[in-house]
A.B. asks: 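Quick one: the structure is below, and I'll ask about it shortly.
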Protein chains: 2
Amino acid sequence: MKGINMIQLAKELGLSVSTVSKALGDSHEISAITKKRVIELAKKYKYKPNPFASNLRKKKGKQIAIIIPDIVNNFFSLVVDGIESITMAKNYDTFIYLTHESLEREKALLEHLENGLISGLIISVSSGKEGYGHFQEFYENTKLPMVFFDRVPDLLQFPKVISNNYDCTFDATLRLIKAGCKRPIFFSTTEPLFTNMERIRGFQAAIAHAGISFTDDMVVKCSDDMDYNYSILRKLFISKKRPDGVFASIEKFAISLYQVCKDLKVNIPRDLKVIGMTNLRTAALLSPPLSTISQPAFNMGKEAATLLLKMIEKKSYAAANDIIVLKNELTIRESMQS
Amino acid sequence: MKGINMIQLAKELGLSVSTVSKALGDSHEISAITKKRVIELAKKYKYKPNPFASNLRKKKGKQIAIIIPDIVNNFFSLVVDGIESITMAKNYDTFIYLTHESLEREKALLEHLENGLISGLIISVSSGKEGYGHFQEFYENTKLPMVFFDRVPDLLQFPKVISNNYDCTFDATLRLIKAGCKRPIFFSTTEPLFTNMERIRGFQAAIAHAGISFTDDMVVKCSDDMDYNYSILRKLFISKKRPDGVFASIEKFAISLYQVCKDLKVNIPRDLKVIGMTNLRTAALLSPPLSTISQPAFNMGKEAATLLLKMIEKKSYAAANDIIVLKNELTIRESMQS
DNA sequence: TGCAATTACGAAAACCTTTTAGTGGAAAAC
DNA sequence: GTTTTCCACTAAAAGGTTTTCGTAATTGCA
């Protein structure tokens with residue numbers, strides 16, 4: 001009784017396998033009566049089509065993949081939550097892969113996925129230096145629908161879901177300056193990610209707008225390694241050119257920063273004003289409450305997934321270069337008071 | 001040149017498909033020379049076996065599933081990270097499914113997965129009332145390897161990875177009391193999860209040990225809904241029987257509690273001592289720093305995945321009722337000072 | 001030399017669906 | 001009354017592997 005298949009179903013119904021298949025596929029070739037018989041017996045035996053056989057024959061399936069740098073990060077976990085809310089509703093199965101900012105891993109992953117296991121991809125790229133040729137190549141080889149979000153390869157023609165990084169960084173930086181910062185610093189990822197570039201642009205524009213002259217050391221590059229970040233920040237804050245304002249573009253950096261300030265007894269916001277890009281639920285509960293730019297992570301996930309499934313099902317021929325821009329939310333809290 | 005398959009490979013090599021298949025599978029039936037030829041051509045064309053065909057034939061694949069209640073929770077995302085670190089290394093693909101504490105969803109999911117899509121499961125159960133019959137049934141129907149972690153169905157004979165909840169709750173509660181609490185409260189999930197029961201047992205034992213008499217209202221049940229939790233907690237803290245100590249067994253509750261105390265100006269630790277079970281990286285940075293019991297989440301993921309893959313590959317006949325117990329870590333911070 | 005065992009490979013079945021190309025019969029069209 | 005269309009269904013191929021069984025040639029042993 002367990003694991004019944006179409007053949008057994010057909011036999012018991014006195015029908016051919018093809019009829020059963022078509023009936024279950026709700027084909028117009030099959031009479032209403034037969035359909036009903038088939039569906040009822042299928043239900044009785046809890047028949048479930050074998051996805052391997054089905055995918056093999058149809059050359060595609062209802063499986064997609066998420067590729068992200070990290071899952072232990074509120075932004076990404078919220079995105080995954082958003083994606084899953086859509087794929088679950090539409091009965092897609094969702095693979096998850098973590099690159100941990102490793103380009104090697106990302107490449108290996110894409111190559112692996114050329115085996116045809118999935119029918120579409122949602123990606124936030126790792127911060128590699130070598131550009132995005134591997135994505136283009138993957139696409140050439142597979143022609144699979146791909147949607148990028150947040151960390152998107154700006155030069156490639158793929159649909160993207162992003163947030164207004166330039167604007168919000170500009171605004172936030174200006175508010176840092178208005179709160180009294182003479183020497184704001186931008187905490188950046190190491191690599192030339194589009195997201196990051198946009199934010200730096202916004203940062204620089206605000207600096208210029210305020211009449212402060214920009215120097216390269218106003219952008220501090222951090223890594224994926226919390227300990228390393230801690231030591232970098234520590235050095236920075238015991239140096240003479242101690243910054244008085246920080247725009248932390250990554251959740252981890254904001255956390256490390258708070259840690260350093262606590263240990264070095266740097267008083268926020270008196271000695272240092274801070275704003276962080278993060279979706280941390282505890283931001284308001286930190287000491288002092290952290291001002292944040294939070295990204296619409298859950299919705300980004302939903303949008304990305306919706307777009308991808310549309311592309312897979314070709315219901316709408318989503319333009320290959322659709323760009324959806326969602327709004328970030330700026331929340332000023334004590335960490336930025338003058 | 002794209003998507004080459006075994007048949008084409010065989011043709012070009014002047015061999016039969018079966019020989020190619022065996023060569024790639026490193027069968028002893030094939031001579032070293034032939035193997036080398038096959039492997040080289042396969043590499044040249046970047047041949048990748050079609051997983052659907054392969055899985056169909058072998059009746060199993062290298063795909064597993066994770067079923068968890070929530071991903072926006074440091075504990076679970078760390079576990080996923082741990083799992084992924086193993087499955088990635090062993091070239092397994094990992095599906096992720098979120099139940100959001102819905103028993104319906106959990107059941108539907110299991111039923112869906114009876115289609116044979118996966119070869120094994122790692123599960124942390126949702127907090128349903130109806131027991132765990134659906135897991136047993138799933139197992140009967142599929143005979144698939146399953147490993148449970150943290151929230152495990154205590155009555156079922158499956159391998160489990162848990163942490164020493166009883167002990168650490170006992171210890172932590174005792175410390176609450178030693179710090180001066182007369183009326184500690186346990187924040188619990190709504191349902192009779194094993195994890196939760198263990199913790200409550202530990203809590204009660206400590207209470208008894210301290211000579212305090214236990215009453216039912218010392219266990220407060222919260223839900224998955226943050227707003228609802230907030231209102232419950234708010235009510236509790238404006239009531240006359242305001243607690244002076246809290247053991248928050250779930251991350252979300254600790255956050256809501258801090259929020260409520262902040263809004264109601266309840267001073268922690270003066271008026272209220274708090275300890276939370278959480279893996280929040282920001283615990284030390286909260287105001288005041290939150291004492292925590294953190295679970296070895298990443299390692300739990302690794303252990304669970306390692307166990308599961310062993311079962312799948314039948315290298316070791318992992319006893320169906322293996323239980324791996326890892327140690328939680330208690331960190332006392334300001335929120336619990338007397 | 002004769003016989004068994006081994007080696008290295010191939011043919012074909014099996015895995016379970018979906019899809020294509022029919023087919024027989026009834027209804028519609030002329 | 002014959003041809004055409006349509007309906008409801010079937011047979012068979014196709015999808016790409018893996019595995020079972022078979023076989024021809026070689027090796028081992030007496």
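A, B, ... follow the sequence lines: proteins, then strands. Residue 1 opens every chain. Owing to the predicted nature of the structure, the values given are computational and were not obtained by experimental measurement.
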A.B. asks: Can you sort out the partners of B:Lys107 under salt bridge (Lys or Arg N to Asp or Glu O under 4.0 Å), two or more places apart, ordered by chain and number?
C.D. replies: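 Salt bridge (Lys or Arg N to Asp or Glu O under 4.0 Å) check on B:Lys107 returns B:Glu130.
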
A.B. asks: Grab the CG-C1' distance between A:Leu9 and C:dT17 for me, whole Å please.
C.D. replies: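 In whole Å, C:dT17 C1' lies 13 Å from A:Leu9 CG.
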
A.B. asks: Return the value, rounded to whole Å, for the distance between atom CG of A:Asn115 and atom P of D:dG15.
C.D. replies: 18 Å

A.B. asks: In whole Å, I'd like the distance from the CD1 atom of B:Ile30 to the C1' atom of C:dT6.
C.D. replies: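 From B:Ile30 CD1 to C:dT6 C1': 14 Å.
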
A.B. asks: Considering only distance and modelled atom types, tabulate donor-acceptor pairs under 3.5 Å from the side chains of residues 112-125 of chain A, sequence neighbours left out.
C.D. replies:
| unit_1 | atom_1 | unit_2 | atom_2 | d |
| --- | --- | --- | --- | --- |
| A:His112 | NE2 | B:Asp93 | OD1 | 2.8 |
| A:Glu114 | OE1 | A:Asn141 | ND2 | 3.3 |
| A:Glu114 | OE2 | A:Asn141 | ND2 | 3.1 |
| A:Asn115 | OD1 | A:Leu117 | N | 2.9 |
| A:Asn115 | ND2 | A:His112 | O | 3.3 |
| A:Ser119 | OG | A:Gly61 | N | 3.0 |
| A:Ser119 | OG | A:Gly61 | O | 2.7 |
| A:Ser124 | OG | A:Phe149 | O | 3.0 |
| A:Ser124 | OG | A:Arg151 | N | 3.4 |

A.B. asks: Which residue, B:Lys59 or B:Lys35, contacts DNA chain C at a nucleotide closer to its 5' end, judged by nearest heavy atom?
C.D. replies: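 That would be B:Lys35.
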
A.B. asks: Pull out every protein N or O sitting under 3.5 Å from an N or O of nucleotides 18-21 of chain D, one pair per line with the distance.
C.D. replies:
| unit_1 | atom_1 | unit_2 | atom_2 | d |
| --- | --- | --- | --- | --- |
| D:dT18 | OP2 | B:Ser21 | OG | 2.8 |
| D:dT18 | O2 | B:Arg57 | NE | 3.4 |
| D:dT18 | O2 | B:Arg57 | NH1 | 2.4 |
| D:dT19 | O4' | B:Arg57 | NH2 | 3.2 |
| D:dT20 | O4 | B:Lys22 | NZ | 3.3 |

A.B. asks: Rounding to an integer number of Å, can you tell me how far A:Leu13 CG sits from D:dT10 C1'?
C.D. replies: 15 Å

A.B. asks: CD/B:Glu111 to CZ/B:Phe138 distance, rounded to the nearest 0.5 angstrom?
C.D. replies: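 Reported to 0.5 Å precision, the distance equals 10.5 Å.
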
A.B. asks: Do any side-chain atoms of residues 300-309 of chain A form donor-acceptor pairs under 3.5 angstrom with protein atoms, and if so which ones, sequence neighbours left out?
C.D. replies:
| unit_1 | atom_1 | unit_2 | atom_2 | d |
| --- | --- | --- | --- | --- |
| A:Thr306 | OG1 | A:Lys302 | O | 2.6 |

A.B. asks: What residues form a side chain to side chain contact (heavy atoms under 4.5 Å, CB included) with B:Arg105, not counting sequence neighbours?
C.D. replies: A:Glu84, A:Met88, B:Tyr97, B:Thr99, B:Ser102, B:Leu109

A.B. asks: For the pair made of NE2 in A:His28 and P in C:dT20, what is the distance, rounded to whole Å?
C.D. replies: 12 Å

A.B. asks: In whole angstrom, what separates A:Asn55's CG from C:dT19's C1'?
C.D. replies: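 Spelled out: CG on A:Asn55 to C1' on C:dT19 is 16 Å.
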
A.B. asks: Return no unless some side-chain N or O of A:Asn5 is found under 4.0 Å from OP1 or OP2 of C:dC16.
C.D. replies: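 Result: yes.
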
A.B. asks: Between P on D:dG16 and CG on A:Leu56, what's the gap in Å once rounded to a whole number?
C.D. replies: 7 Å

A.B. asks: Quick one: sort the B:Phe158 and B:Phe148 rings into parallel, tilted or perpendicular, breaks at 30° and 60°.
C.D. replies: tilted

A.B. asks: Salt bridge (Lys or Arg N to Asp or Glu O under 4.0 Å) with B:Asp70: which residues, sequence neighbours excluded?
C.D. replies: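 B:Asp70: salt bridge (Lys or Arg N to Asp or Glu O under 4.0 Å) contacts with B:Lys252.
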
A.B. asks: Counting only side-chain N and O atoms of A:Ser31, is one of them less than 4.0 Å from OP1 or OP2 of D:dC7?
C.D. replies: no

A.B. asks: Quickly work out the B:Asn50 CG to D:dA14 P distance and round it to whole Å.
C.D. replies: 17 Å

